[in-house]
Amino acid sequence: MEKIYWQSIENYKEIQKEGVASNEKTPEFAIKGLDESELKGKSSRRDFLKMMGFSVSAVALVSSCQMPVRKAIPLLNRPKDLIPGVPNFYASTFFDGDEFCSVLVKTRESRPIKIEGNELCPLSQSGTTARVQASVLNLYDDARLKNPLKNSEKTDWKSLDKEVTKKLNGFKDMGKEVIFMTSTIISPTTTKLIGEFIQKFPNVKWLQYDSVPMSSIREANKKNFNKAIIPFYNFDKADVIVGFNADFLGTWLLPVTFSKQFSKRRKLSKSQNNMSRFYQFETNMSMTGSNADYRYQIRPSEESAVLLKLYNVLSEKLNSVSYSAPKVDIKVDKVANDLLNSKGKSLVVSGTNDLKIQLIVNAINNLLGNYGKTIDLSKPINLKQGDEKDMMAAISSMESGKASGIIFYNVNPVYDCVHADMFAKSIKNLDLKISFSPILDETSKLCDYVCPDNNYLESWNDAEPVAGYLSVVQPTIRPIFNTRQAQDSLLSWMGEDIKFSDYLENNWKSNFFKRQKEYSSFDKFWFSTKQNGVYRLSEKVNKNFKFKVTKLSADKPQKSSIELALYESVSMGSGRYANNPWLQELPDPVTTATWDNYVTISLSQAKEMGLKQEDVVKVNGKVELPVLLQPGQTPGTIGIAVGYGHHSAGKVGNGIGKNVYELSNITSGRKNLNGTNINILKTDKTYSLALTQTHHVMEGRPIVRETDLSSYRKDPASGNEMHQEFIKNEDLSLYPKPEFAGFRWGMSIDLNSCTGCNNCIVSCQAENNVAVVGKEQVKNGRIMHWLRVDRYYSDMAENPAVFRMPVMCQQCDNAPCENVCPVGALTHSEEGLSQVAYNRCIGTRYCMNNCPYKVRRFNWYEYVNNNSFDYNLNSELGKLVLNPDVTVRQRGVVEKCTYCVQRIQEKKLTAKADDRELKDGEVKTACQQSCPTDAIQFGNLLEKNSKVNKTNDTERMYHLLESLHTVPTTSYLTKVRNINA
Amino acid sequence: MMRKKFTNQNRPGIAGLFLFLFLFLSFFQLNLFGQNEQDAKNFNQCKACHTIGGGRLVGPDLKGITKKMPEEWLIKFIKNSQAMVKAGDPAAVKVFNEYNKIPMPSHNLTDAQIKGILLYIKNDGKISQPAVNKTSSNTLGSLTEIKKGAKLFNECKACHTIGRGRLVGPDLKGVTKKLSEEWLIKFIRNSQAMVKAGDPKAVKIFNEYSKIPMPAHNLSDNQIKSILAFINNDGKIPQATTVSSHSTTKIVESSGPVLDETEIFIKNQQEGLENLSIAAIVMGFLLIIVLIDLIFTHYLKAKWVHYVILLAALWILGEWTYTYATRLGRQQYYQPDQPIWFSHKVHAGQNKIDCQYCHFTADRSMHAGIPPASVCMNCHTQVKEGKRTGKKEINKIYAAIKNNKPIKWVQVHNLPDFVYFNHKQHVKVGKLDCKECHGDVAQMDVVAQVKTLSMGWCLDCHRTHKVQFTNNKFYGQYKKLHEDLKSGKIKDVTVKMIGGADCASCHY
């Protein structure tokens, strides 16, 4: 059966109407608002003469100008490790309160410019997420506070310390409570410090608060195992994975670790022809759900009922206790069968913060014998320690006057608390309000004292995301501003005369050094831990856990009202990075929307309500948001991303989208993003969204090739028959066959591994100085990303299968772009790269027209030092993130992916200088290096045993649009779905 | 531009200068050994200002310091001496005053590291010798031996030449023939011990060379033998392809204000350009007058005069336009004034300081690097006065260090932003002489850009320059070229053949 792929709703409707995709091409750059003369062009002879006169005088002016005097300013004293022009890498740890990742920080001339994953970390391995990649830009954020503030006015640390200490001591003497509100703390040393702080000030009450909490997992495990923990999940050990509203590849708990594990079982090779099977039950179309083999649409209120139904089916077969369950239509027999067939090798997870649901999940996993196998209770995950109940208690103690002070660390409850208004009101009466926020956010605006914390790239710290897995945070740059690490502030208020860096070292000496046996001297231990960034304690842990049965119950599914499912978007997360232009412009992996949040609504629901894309609706009579028609959205539900709608985040993030945290569901005192009953009303307004989705329509050609596992096993070439056909005619060409002397660089992308997390896009952006263009220009189709991840839907629009394909310059050997350049700016290198000389380009854009892959980008404007594009390139501070090895392109030139040629050149040079051959895998492109699923391989195609050749050595390999005979060096491997067995 | 005339004479300070040059050179060379290697490495930081038993530099000689002061005090002082001075610690204040109130910068060392350094000082700066694992017996003069020696000789270069005259120490040409190997090894190891023991030859040399002691060297027998092999071979590596990195200029013996060849050339070129501009202005003026006369006033009856002047003016103006148009964006003969009147002629020319002694990152980074002021201080702690500029210019270095304000040099060789140039590629891998792109800097008081640094100029070299193709294992990957070389299809491999003319080798 021929599958029909479609990209946008309009496209889908056309397909339905006409049966085939319309041949009418949408213009690539349809610019509204231009008048007719501008579109037609009306230059006359007079204009020509004017222009000529202008250019002659311009040349005369330029020629009379002197070259600017450039200064070379050496250091007075060169630090030992600093060689100008040579990068240094420091191991550190990214933890922002939600997400953990062990990283390597690349610094050039002492400034961090790029984040890479730390290969030595057993958890995150070499992977990162888009947020981790973008975090380096937060260091150079203009919104960062430059000084400590007192009542919004500049002050100095000394007087601030004096006043705060006095007040804290005063409260202590009076016995008045001070609330210390932090995000989840996974640092053992900071935890110890907070403990000592509380010892010194016993009136301080510590409270951990998560904007997106997951406390029900801890509580469920407390009931079942008597331990309030989140266990460690092994997705790589599971043959069958069943997810319920858990976006574990994007935002849930440890997305990098889980992506690594998940993709490990999704790779196919000659030695591995087995894949895990992944079922997802979810409300919104999440990034994780779009990777599922089978995806079921459920309403949030149905989740517990479906789970209980599944439990009952399983328990019946396994002769266990059944519970009465409300009726639901969703069929679970297939899932149940698969689960039963892989007992002990399956995994059921739910991302819903609801105790009932988590108890059923635990019971199912226990029935299947997954504990100790795919779920490891002996190494709990330390993330998400917050509990909304504590938050409620805090509010009531503030309102009752019991508490008279509050300290915020890494939290912004006035923005993301469900009762934000109530909270803001209740802290107003307090005598002392301190915030450690690095920016003047919604919460710190209301505080008397703001003690700006260092960026994590300027700080010392440690982390223990999973019990026994230690990781250190070390500074890679001196604090840029007059800021101070929060821990140092605490120490100075405690009256301790010690720096936190020493405190940290002391704690490691007295604590972890004693708990290890590998090193005999602390200095060596500490040095190597700092160098590796991670240390794993090999301590014996208790592995005996007994499951205590609890009674299970489920909610009755609702049918009548519209249910809301809030979600964390892959780019914005819980909303900490609102002022990060890279993330704001990162297309959503599912909707491909940038710069906004919106209401996702199912097609049938939209039809019923008469809604079109971009119509504005009013949710609960308060929040007005545009509608985005989302295939795969459960009918009767809508989804909205949290993390938007800041009004005090900085110049980039202010006023982008709407804040919807107040729409969270509070069930039995627990904050849950899913399941609020809401009403939506259509308004007369419309609001345009900037989607990158319809820019690059590939006109119904065989772009993504797919098959299913059983067909693959029968014939590895299945789904890729066209390639076999093509190979027969491959050598027919008018062009001379290019020859290569030593290298021919090539890339291989496994579509089966790629989950579409968009990490590569930000990594490329950071490495190659790609400009941010803003919402208006994205709408005009002028986004500058060198790499995009195309997303296609197939089959039914209500619940389609999703395909993703990262597309960057394919570096064709017969590059169609090269032979149309009128000025010879595009040439083919001796190593098979299609190269652009920016300084030669005159911007005719012929190459863009002739590129079948649409991967070339034109600089429509000067994006540097331009107030119309007020992002990182328009600030002295923001420009510090630029990679000095890569040219910053100017207005009027075309740019594109270069296969990170600067990295190729650098590694080649290193090999030459060391008098050795270049090793395979030594050159890594930016997109490849931090890919959390290892979907990208890069190397020398001339070398037989290179990894890229080995990966390509399969019948699944094909080239994009190979029938055009562009002979790309980038190849793709077909997507294989584990269905229909 | 007018320049003052200065006289040049040999100066007594030079001897001291080279001694400390040597100490600094060892910074890069000595880290070969095991055990306390880390401590010794850490001490490298200190070397810029301190010696162990080598006399005072910016800071005091540290020999025996561990006996004089308690460890605790030392650690505190090394960590942050200024805090102690401010706190009024008497010992700290005394040291501070004694050493010209130059503050010792605070160091970011851990206690353990400082302790290691102190141990190293206590040990009089010696690292315990590792058991050298020798695989082959070395005969004097084998090729690898000489190569090794050439590398090690870099250390000696600060004070010795081979066949190019005496510097601080004697010219070593033929020394292997005059003196026995055994004696030489002993002397190189520790000359002072021999002098003290009264070895007649040693004493003679010591006296002859102004009683400047040759510092003891921590070299193994085999290493010294390699050096001797290199000297024995007259400082040449017997291989045709190696480009000698030694300057071939003759030593300028003291002659005073004479401009060197290069300087005269630069000056002529600059003047030529200026003259052309003046001529163009004059001719432009004439042109206007002639045109006015020709059309309106008719003062001169002989019309041929008009035409001759007209033609001449057009020719000069055309020449001017062409010259300046091709110079657009280029800076050939650019010779800016620098904040400090620093003369490469004195440093690189007369004193023969190796280019890479100061520009020490040229072989490991894309930037050759303007030396940090601390590198200047390696010598200028001793050399406090110049013959030509007196204390004025050298004091600017001290002022920079004292005020903690870096020196803002003016960049002479500029490339546009869209060009990527890497020194390591050209110096370390290509083994090019600095001169090939920078001209004979050793003959310039004020550095000027001699070459055009245009793309055509780069490509000319890339198209013709031969790669040392068989010397580097990296090039093993170019199998096809190797085959062609073998079969005689091609004679040499040029840079272009391995992608040196690709746009993306310089533009990305």
Side-chain angles (χ1 to χ4, degrees), chain A residues 59 62-63 67-80 83-86 505 521-523 526-527 739-743 825-831 833 835-840 885-889 898 901-902 904-906 908-909 911-918 940 942-943, chain B residues 44-45 48 105 110 112-113 324-325 328-329 331 334 336 361 363-367 369-375 400-401 404-411 414 416-420 422-425 428-429 471-481 497-499 501-505 507-508:
Chain A
V59 167
V62 168
S63 57
M67 290 275 277
V69 173
R70 293 204 242 182
K71 296 281 172 71
I73 306 171
L75 293 151
L76 274 176
N77 262 304
R78 184 178 68 102
K80 207 171 63 182
I83 300 173
V86 178
E505 202 176 326
S521 96
F522 173 71
D523 285 338
W526 184 229
F527 182 81
E739 281 183 17
F740 303 98
F743 298 96
L826 311 175
T827 49
H828 215 67
S829 90
E830 304 272 326
E831 301 181 350
L833 302 178
Q835 35 189 9
V836 205
Y838 303 124
N839 40 319
R840 200 174 261 198
D885 289 341
V886 178
T887 312
V888 177
R889 281 78 57 184
T898 61
V901 63
Q902 68 279 6
I904 298 177
Q905 293 292 83
E906 185 200 332
K908 270 164 62 189
L909 178 56
K912 279 184 227 171
D914 295 351
D915 189 7
R916 62 173 170 83
E917 288 210 354
L918 190 69
N940 186 2
L942 297 185
E943 199 181 305
Chain B
N44 278 338
Q45 287 185 30
T110 62
Q113 279 171 325
Y324 276 85
L328 264 185
Q331 295 184 316
Y334 176 51
T361 59
D363 67 341
R364 63 190 87 165
S365 166
M366 64 183 283
H367 304 298
I370 310 290
S374 58
V375 172
I401 286 177
N404 204 18
K405 282 212 173 115
I407 304 156
K408 294 182 180 174
W409 299 97
V410 181
Q411 211 169 318
N414 293 305
D417 284 341
F418 49 74
V419 179
Y420 180 89
N422 196 315
H423 273 92
K424 184 178 175 186
Q425 167 70 57
K428 171 113 196 227
V429 180
N471 277 359
N472 195 323
K473 287 196 192 94
F474 172 80
Y475 300 119
Q477 248 140 329
Y478 295 89
K479 288 184 187 101
K480 211 180 140 269
L481 290 175
M497 287 180 186
I498 55 166
D502 282 346
C503 303
S505 51
H507 303 292
Y508 39 79

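Letters go in sequence order (proteins before strands), and every chain restarts at 1.
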Taking side chain as everything from C-beta outward and backbone as N, CA, C, O, which of these in [X] sits under 4.5 Å from a heavy atom of chain B? Side chain, backbone, both or neither.
X      : result
A:Q905 : side chain
A:S829 : both
A:E906 : neither
A:V888 : neither
A:R840 : side chain
A:D523 : side chain
A:Q835 : side chain

Item to check | chain A contacts, top residue of B:P416, B:A400, B:A325 (heavy-atom pairs, under 4.5 Å) | outcome: B:A400
Checklist entry - Is it the backbone or the side chain of B:L481 that comes under 4.5 Å from a heavy atom of chain A, or both, or neither? => result side chain
Item to check | B:P336 portion near chain A, given a 4.5 angstrom heavy-atom threshold | outcome: neither
Checklist outcome for this item: Rounding to 0.5 Å, atoms NZ (B:K473) and CG (A:D914) come to a distance of 10.5 Å
Item to check | CG-CD distance between B:D502 and A:E830, expressed to the nearest 0.5 angstrom | outcome: 5.0 Å
Item to check | Between A:Y838 and B:Y508, ring centroids under 6.0 Å | outcome: no
Next on the checklist: Using the side-chain contact (heavy atoms from CB on, under 4.5 Å) criterion, which residues pair with A:K71? Sequence neighbours excluded.
Outcome noted: A:V69, A:I73, B:K408, B:V410
Item to check | side-chain contact (heavy atoms from CB on, under 4.5 Å) against B:K428, all qualifying residues, sequence neighbours excluded | outcome: A:A913, B:D363, B:K424
Checklist entry - Among A:D885, A:N839, A:T827, A:V836, who wins on heavy-atom pairs under 4.5 Å with chain B? => result A:N839
Item to check | Options A:K908, A:E831, A:H828, ranked by heavy-atom pairs under 4.5 Å with chain B, top entry | outcome: A:K908
Checklist entry - Does the side chain of A:R889 come within less than 4.5 Å of B:F418's, by heavy atoms? => result no
